[in-house]
Amino acid sequence: MIIERAYIKSNREVANNIWEMHFEAPQIASEYSGSGQFINILVMNAWNHPLRRPMSIASVVKGNISIIYKIFGEVTQLLSEKKVGDEAELMGPLGNTFSNWKNGTYPILVGGGVGLAPILNLKNECDTHHVKYDIIIGARSGDEHFMDHEPEKNIILSTDDGTIGVKGTVMVPLEKMAKENENPYLFACGPEPMLEAVRNFALSNHIPAQLAVESYMGCGVGLCQGCVIHRQNGEIGRHSYHEKYSLVCLDGPIYEAKDIHFG
Ligand SMILES: Cc1cc2nc3c(=O)[nH]c(=O)nc-3n(C[C@H](O)[C@H](O)[C@H](O)COP(=O)(O)OP(=O)(O)OC[C@H]3O[C@@H](n4cnc5c(N)ncnc54)[C@H](O)[C@@H]3O)c2cc1C
């Protein structure tokens, strides 16, 4: 894990309220080990924003790292106002990676809301390794999408209001695709209700699934204990709570669906 001052190489709005940013961060890029990992960004060094903001890595090309982010609050708003040539302090790469997508299973990638970055990163890794997959990206409305709905290429968009692609949540195409393909393995990132729906579907249909969990995070390095998630069947141990809870920053953010629950 490295702390590096990184130049911002681009920062643009790619869909309604969704931004893509590229950093020149050769040291962190050299330690990167795969999709699922994230960086922790100190957007400004000010008393009112002392905490870094975690963002999944969307791509690593040579020494450059990209993120895809949604403006949620003050710091992501400030991030969107950064200009090319500005700097930000990055900590990373942090966290574990998606696994088992090259092992002869059929990956079905599911991204929703802010959970696009690690899923698009995994899609690119599948392309690089000639692994066939389906990908489903969900949003509330068509203006939040920046990809095209291309069912012939197994790229499915869904919208809650039906303005693009399949009408409804990602679960509509997911349930169909999981039944149509042999040996499916689900990989999902998105808001908690979406992850919970994917988890419930996977467990009740005995389909393996990995979830990238984006819990609210303080320090990103295991000190504040703020990002905990429930371990499945966890019990409180004699000396600690570590059997009951897992720290997303250190143990995650990728979990097998069967190993966690959302409380
Ligand atoms: C491992 C990890 C990876 C992430 N990757 C991405 C990414 O690729 N793209 C992206 O857009 N965001 C990602 N996030 C979420 C992102 O870190 C938060 O949206 C960001 O910190 C919000 O900062 P803010 O100051 O703008 O908003 P704040 O003022 O801190 O928050 C505004 C509101 O947003 C909600 N919120 C903020 N963070 C979260 C969260 N993590 N989970 C649920 N609700 C939250 C809270 O309700 C809060 O009131 C990731 C989070 C984690 C833990």
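In listed order, ligands and their atoms are each counted from 1.
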**Message:** Heavy-atom distances under 4.0 Å decide this one: backbone, side chain, both or neither, for I68 against ligand 1?
**Reply:** backbone

**Polar contact flag, side-chain donor to acceptor under 3.5 angstrom, S66-S59** = yes

**Item:** Q77, M217, M55: member with heavy atom nearest to atom 12 (N) of ligand 1
**Value:** M55

**Message:** Please classify the E74 to ligand 1 contact at 4.0 Å (heavy-atom distances, strictly less than): side chain, backbone, both or neither.
**Reply:** backbone

**Item:** Under-4.0 Å heavy-atom contact with ligand 1, by part of S215 that carries it
**Value:** backbone

**Request:** Could you find the nearest protein heavy atom to atom 28 (P) of ligand 1 and give me its residue, atom name and distance?
**Result:** Y216 OH, 3.6 Å

**Item:** Exercise: identify the closest heavy-atom pair between I137 and L116
**Value:** CG2-CD2, 3.2 Å

**Message:** If you scan the protein for heavy atoms around atom 44 (N) of ligand 1, do you find one that is closer than 4.0 Å?
**Reply:** no

**Message:** If the cut-off is 4.0 Å to any non-hydrogen atom of T76, which atoms of ligand 1 fall inside it?
**Reply:** 24 (P), 26 (O)

**ligand 1 atoms in contact with Y69 (distance to a heavy atom under 4.0 Å)** = 9 (N), 10 (C), 11 (O)

**Asked** Between N183 and T105, do the side chains contain an N or O donor and an N or O acceptor separated by less than 3.5 Å?
**Response** no

**Fill in**
Looking only at protein heavy atoms, what sits closest to atom 35 (C) of ligand 1 is F72 CD2, 4.3 Å

**Item:** Salt bridge D251-R231, side-chain N to carboxylate O under 4.0 Å
**Value:** yes

**Item:** Option of least heavy-atom distance to atom 15 (C) of ligand 1 (set: S80, C249, P54)
**Value:** P54

**Asked** Which residue supplies the protein heavy atom nearest to atom 29 (O) of ligand 1, what is that atom called, and how far is it?
**Response** G73 CA, 3.8 Å

**Item:** Verify atom 18 (C) of ligand 1: protein non-hydrogen atom under 4.0 angstrom away
**Value:** no

**Asked** Backbone or side chain, does any N or O of S56 fall under 3.5 Å from an N or O of ligand 1?
**Response** yes

**Request:** Would you tell me whether T97 and Q37 have side-chain atoms, one donor and one acceptor, within less than 3.5 Å of each other?
**Result:** no

**Request:** Using only heavy-atom distances, determine whether the side chains of S80 and E13 contain a donor-acceptor pair under 3.5 Å.
**Result:** no

**Request:** Scan the protein's non-hydrogen atoms and note whether one is under 4.0 Å from atom 47 (O) of ligand 1.
**Result:** no

**Message:** Is there a polar contact, in the sense of an N or O pair closer than 3.5 Å, between V213 and ligand 1?
**Reply:** no

**Request:** Answer yes or no: does an N/O atom from A117 fall short of 3.5 Å to an N/O atom of ligand 1?
**Result:** no

**Winner among E214, E192, K70 once heavy atoms are compared against atom 6 (C) of ligand 1** = E214

**Asked** So, for Y245 and H230, is the gap between ring centers shorter than 6.0 Å?
**Response** yes

**Prompt:** Looking only at heavy atoms, which two atoms of M55 and F38 are closest? And how far apart?
**Reply:** O-CB, 3.2 Å

**Prompt:** So, for A29 and V60, which heavy atoms are closest and what is the spacing to 0.1 Å?
**Reply:** CB-CG1, 3.8 Å

**Request:** Looking only at protein heavy atoms, identify the closest one to atom 21 (O) of ligand 1 and say how far it is in Å.
**Result:** R53 CD, 2.9 Å

**Contact summary for I135 and I119, nearest pair of heavy atoms** = CD1-CG2, 3.9 Å

**Item:** Short side-chain donor-acceptor distance under 3.5 Å, D127 and Y133
**Value:** yes

